[in-house]
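The structure appears right after this line, and notes come after that.
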Protein chains: 2
Amino acid sequence: MSERRPGEIPEATVARLAVYLRVLTGLVDASTVTVSSEELATIAGVNSAKLRKDLSYLGSIGTRGVGYDVTVLREKIASSLGLTQRRTCVLVGIGNLGHALAGYSGFSSRGFTFVGYFDADPARVGEPIVDSRIRDIAELELVVKSHGVSIGVIATPAEAAQTVCERLVDAGVTSILNFAPSVLTVPDNVDVRKVDLAAEMQILSFHEHRKSRGLGNGLVESVG
Amino acid sequence: MSERRPGEIPEATVARLAVYLRVLTGLVDASTVTVSSEELATIAGVNSAKLRKDLSYLGSIGTRGVGYDVTVLREKIASSLGLTQRRTCVLVGIGNLGHALAGYSGFSSRGFTFVGYFDADPARVGEPIVDSRIRDIAELELVVKSHGVSIGVIATPAEAAQTVCERLVDAGVTSILNFAPSVLTVPDNVDVRKVDLAAEMQILSFHEHRKSRGLGNGLVESVG
DNA sequence: TTCACTTTGTGCCTGCGTTCACAAGCGGTT
DNA sequence: AACCGCTTGTGAACGCAGGCACAAAGTGAA
Ligand SMILES: NC(=O)c1ccc[n+]([C@@H]2O[C@H](COP(=O)([O-])OP(=O)(O)OC[C@H]3O[C@@H](n4cnc5c(N)ncnc54)[C@H](O)[C@@H]3O)[C@@H](O)[C@H]2O)c1
Ligand SMILES: NC(=O)c1ccc[n+]([C@@H]2O[C@H](COP(=O)([O-])OP(=O)(O)OC[C@H]3O[C@@H](n4cnc5c(N)ncnc54)[C@H](O)[C@@H]3O)[C@@H](O)[C@H]2O)c1
């Protein structure tokens with residue numbers, strides 16, 4: 001019951017693999033050949049035992065007494081994350097944030113290709129963006145189906161997010177990255193990740209509050 | 001040893017409180033008076049038992065047989081997150097992403113006031129932004145100290161992030177939100193949260209990969 | 001081959017987070 | 001006042017994640 005099937009990688013590990021991948025790419029650029037778990041862990045800001053356990057889910061990649069071959073490890077992580085094939089994506093809601101995302105080169109360099117930028121505002125449709133033009137949201141299904149798009153990014157206002165999400169899912173998208181502050185309801189086979197910036201700020205606010213409460217005295221605020 | 005001091009709220013709970021707060025604000029706007037844990041949990045997309053346990057860390061707020069008073073609960077969560085006082089913030093790196101963040105009204109409406117927008121590029125300094133102007137990074141310490149800034153947001157390229165971070169910390173900032181894909185090293189008393197969009201995409205990619213592997217047959221890829 | 005040294009891969013323990021399930025408590029009704 | 005139905009707050013059980021510590025496995029030298 002506690003056995004983990006080979007190929008089963010814990011969610012927390014997957015999130016860190018992306019970090020290791022970035023660090024390793026930096027090491028490749030610096031022509032580093034091998035790296036120990038201790039070194040890699042320090043750069044990535046994690047515990048070395050945790051790093052080794054993370055990597056062990058990908059198989060036995062390291063060499064005892066030596067460390068990991070940087071190139072081999074990088075390839076192994078990339079393939080585990082499914083990054084050996086480029087992923088096609090669409091971006092919906094080309095406002096303030098959408099423009100910033102569209103202009104970000106980091107997605108393309110990491111294997112993500114945006115094949116369509118959509119907006120509902122007629123005033124925006126047709127406007128040039130990157131090496132393309134903003135399309136009418138009406139064309140969404142067509143583009144998604146013809147390109148076999150797998151990831152949809154939502155950067156519309158919260159009110160529109162659920163509707164856009166449903167159109168994406170109906171068209172065949174099975175992964176969604178949501179920037180709108182709203183909870184999306186999706187079928188089981190669809191993955192959603194949200195980026196909630198206001199929530200991030202509020203979490204920081206909580207810790208600020210906590211720190212400042214501790215300064216004056218040793219007491220905690222009592223209810224009443 | 002397993003007792004949790006009153007006022008001690010688990011990290012996972014804090015993250016969800018921000019979500020509940022947003023939902024509750026929506027309910028207040030819709031003039032809803034009371035809400036049960038079941039209803040609130042459904043809207044927030046979580047399990048109702050988890051929601052009740054989360055709220056129980058704030059004290060006994062609900063009324064058995066009835067539910068929670070929407071206004072009271074909202075206030076209680078806001079105060080727990082330290083949102084009764086406005087938090088002053090600075091934004092460093094006014095490029096692509098920085099402009100989007102600066103133009104976002106959601107921060108101000110949730111209690112965060114940006115008192116300075118900084119960039120190192122002389123060509124950008126002086127440019128109007130929101131109701132202010134982009135300042136030279138040289139003025140960072142002055143502004144942080146004079147306003148008692150508590151949260152610093154970094155939207156510079158990765159190479160500059162650690163340096164900017166150190167300047168923020170030295171000036172007195174104790175919470176940092178980092179958009180650059182880099183690991184920041186900070187003293188113990190400083191909190192860092194990172195928003196790694198490329199990593200989010202890669203996590204989705206992993207799940208896409210996983211789903212497509214499962215389609216063809218029941219086997220898992222074996223290590224060659 | 002044997003030995004000394006290095007670093008991986010992992011068994012085991014501990015602690016956090018999630019979920020179930022139910023006693024306790026409250027409002028409304030008779 | 002006594003009862004009923006509803007909902008909260010939480011004890012207890014469970015599963016996931018983190019980290020220590022060490023045996024296993026490799027390299028290189030003698
Ligand atoms: N800008 C930020 O820094 C920031 C930060 C945090 C969260 N967000 C969230 O991200 C989302 C976008 O923010 P923004 O600042 O870019 O807003 P925005 O208003 O500038 O842009 C939203 C865009 O979505 C388009 N749109 C509206 N309904 C649509 C629909 N049904 N289909 C397609 N497009 C539609 C609008 O025409 C507009 O161009 C919002 O939900 C916001 O809360 C933004
Ligand atoms: N744009 C996006 O959608 C996006 C997405 C994911 C991650 N990011 C990350 O966010 C960061 C910013 O992205 P961007 O697209 O806005 O880049 P950008 O190049 O458009 O902007 C970076 C800005 O930082 C300024 N800067 C550089 N060094 C500085 C310093 N030492 N002090 C102050 N300012 C300095 C530059 O002058 C520039 O204006 C990058 O690290 C990027 O990887 C951006």
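By convention in this document, chain letters (A, B, ...) are assigned in the order of the sequence lines, proteins followed by strands, and residues within each chain are numbered from 1.
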Are [X] and [N] close enough that a side-chain N or O sits under 4.0 Å from OP1 or OP2?
{"X": "B/K53", "N": "D/dT10", "value": "no"}
{"X": "B/Y68", "N": "D/dG9", "value": "yes"}
{"X": "B/N47", "N": "C/dG17", "value": "no"}

Once you round it to whole Å, what is the distance between [atom2] of [N] and [atom1] of [X]?
{"X": "B/I61", "N": "D/dG9", "atom1": "CD1", "atom2": "P", "result": "7 Å"}
{"X": "B/D54", "N": "D/dG9", "atom1": "CG", "atom2": "P", "result": "12 Å"}
{"X": "A/D69", "N": "D/dT27", "atom1": "CG", "atom2": "C1'", "result": "16 Å"}
{"X": "A/Y57", "N": "C/dG9", "atom1": "OH", "atom2": "C1'", "result": "11 Å"}
{"X": "A/E8", "N": "D/dC16", "atom1": "CD", "atom2": "P", "result": "10 Å"}
{"X": "A/E11", "N": "D/dG18", "atom1": "CD", "atom2": "C1'", "result": "16 Å"}
{"X": "B/E39", "N": "D/dC6", "atom1": "CD", "atom2": "P", "result": "14 Å"}
{"X": "B/L40", "N": "D/dG9", "atom1": "CG", "atom2": "C1'", "result": "15 Å"}

Problem set entry | Base versus backbone protein contacts along nucleotides 22-30 of chain C [heavy-atom cut-off under 4.0 Å; B, S, -] | --BBBS---
For this session: Check the angle between the aromatic planes of A/F107 and A/F112 and answer parallel, tilted or perpendicular using the 30° and 60° thresholds.
Result: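 Perpendicular.
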Exercise. Hey, is B/R210 close enough to A/E8 for a salt bridge, meaning N to O under 4.0 Å?
Worked result: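 Looking at A/E8 together with B/R210, the answer is yes, because their closest N to O distance falls below 4.0 Å.
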Problem set entry | Nucleic acid contacts of residues 13-37 of chain B, taken as heavy-atom distances under 4.0 Å to DNA chain D |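 Only B/S36, B/S37 qualify.
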Exercise. What distance separates B/F114 CZ from B/I151 CD1, expressed to the nearest 0.5 Å?
Worked result: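 Output value for this atom pair is 8.0 Å.
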Problem set entry | Rounded distance [0.5 Å steps], CG in B/L184 versus CD in B/E166 |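 Answer rounded to 0.5 Å: 9.0 Å.
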Exercise. When all nucleic acid strands are considered with a 4.0 Å heavy-atom cut-off, which category describes B/A12: base, sugar-phosphate, or nothing?
Worked result: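 Here B/A12 touches the backbone only, sparing every base.
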Exercise. B/L55 near the nucleic acid: base, sugar-phosphate alone, or nothing, with a heavy-atom cut-off under 4.0 Å?
Worked result: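 If one applies the 4.0 Å heavy-atom cut-off, B/L55 turns out to touch nothing in the nucleic acid.
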For this session: Would you please test B/S175 and B/D191 for side chain to side chain donor-acceptor pair (under 3.5 Å) and show each step?
Result: CA-CA 5 Å; B/S175 287; B/D191 286 286; 4.6 Å; no
For this session: Indicate yes or no for a side-chain donor-acceptor contact from B/S109 to the backbone of B/G106 under 3.5 Å, with no hydrogens or angles considered.
Result: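 Side chain of B/S109 to backbone of B/G106, a donor-acceptor pair under 3.5 Å: yes, one is there.
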Exercise. Does any N or O in the side chain of A/R22 come within less than 3.5 Å of the main-chain N or O of B/A199, such that one atom is a donor and the other an acceptor?
Worked result: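 A pair under 3.5 Å: no.
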For this session: Taking the side chain as every heavy atom from C-beta outward, state whether A/I203 and B/E11 have any pair of such atoms under 4.5 Å apart.
Result: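 They are in side-chain contact.
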Exercise. Does the side chain of A/R52 reach to within under 4.5 Å of the side chain of A/K50, using non-hydrogen atoms?
Worked result: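 Not touching, per the 4.5 Å side-chain cut-off.
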